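Input: a single structure, listed below in structure tokens.
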Amino acid sequence: MKKKIKQKIKESLEMPAEIIMNSPKIVLDSNLNVWIENYLEIIEYSDISVKVNTSDFIIKIVGEKLLIDFITNEDLSISGRIFSVVYE
């Protein structure tokens, strides 16, 4: 019910979903950087795999020499050689 109300507000105000519904926003810059907004927690972190929980799904980043180079309560930046981004 709450999600439907937020969806209607988003549509009527023509605002991005990540603002109204707290949906994750993922930006992939080539295969060198992933920026995630509105994440909840880091589930797994190593130099070959990072798993991040969001309100909608889990994001798994696979690569090599992965490094969390920026982190706040809501934003996360991962750099390295990225092979895949999977939604679980």
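It should be emphasised that the depicted structure is a prediction, and the values quoted were computed from it without experimental measurement.
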Correct closest heavy-atom pair for L66 and R81 would be CD2-O, 4.1 Å

Determine whether V50 and F57 fall in the same hydrophobic cluster, where Ile, Leu, Val, Met, Phe, Trp and Tyr are linked whenever their side-chain heavy atoms lie under 4.5 Å apart.
-> yes

Output, in order, the C-alpha distance, side-chain angles, deciding distance and verdict of side chain to side chain contact (heavy atoms under 4.5 Å, CB included) for I82 and I61.
-> CA-CA 7 Å; I82 298 162; I61 296 119; 4.1 Å; yes

Can you tell if the side chain of S77 reaches within under 4.5 Å of the side chain of N33, non-hydrogen atoms only?
-> yes

Report yes if some heavy atom in the side chain of I42 is under 4.5 Å from a heavy atom in the side chain of L76; otherwise report no.
-> yes

Main-chain N/O of L32 paired to S30 side chain as donor or acceptor, under 3.5 Å = no

Joint cluster assignment, Y45 & V52, ILVMFWY side-chain distance < 4.5 Å | yes

I58 with I26, same ILVMFWY side-chain cluster at under 4.5 Å = no

Taking every non-hydrogen atom, the tightest pair across S23 and N38 = O-ND2, 2.8 Å

Taking the inter-plane angle between the rings of W35 and F70 on a 0 to 90° scale, is it parallel (under 30°), tilted (30 to 60°) or perpendicular (over 60°)?
-> parallel

Check for a donor-acceptor pair, side chain of T54 on one end and backbone N or O of D56 on the other, with a separation under 3.5 Å.
-> yes

Could you verify whether a donor N or O on one side chain and an acceptor N or O on the other, from S79 and D69, lie under 3.5 Å apart?
-> yes

Flag the pair E44 and K60 as a salt bridge only when some basic side-chain nitrogen lies within less than 4.0 angstrom of an acidic carboxylate oxygen.
-> no

Note: I71 and I68 closest approach over all heavy atoms is CB-CG2, 4.1 Å

Nearest heavy-atom pair of G63 and F83: which atoms, and what distance?
-> CA-CD1, 3.4 Å

Single-linkage hydrophobic cluster, 4.5 Å side-chain cutoff, L67 and V34 together | yes

Would you indicate whether the side-chain heavy atoms of E64 and D47 approach each other to under 4.5 Å?
-> no

Any donor and acceptor pair, going by atom type alone, linking the side chain of Y39 with main-chain N or O of S55 inside 3.5 Å?
-> no

Step-by-step side chain to side chain contact (heavy atoms under 4.5 Å, CB included) determination, I36 to I59 | CA-CA 9 Å; I36 303 170; I59 303 165; 4.1 Å; yes

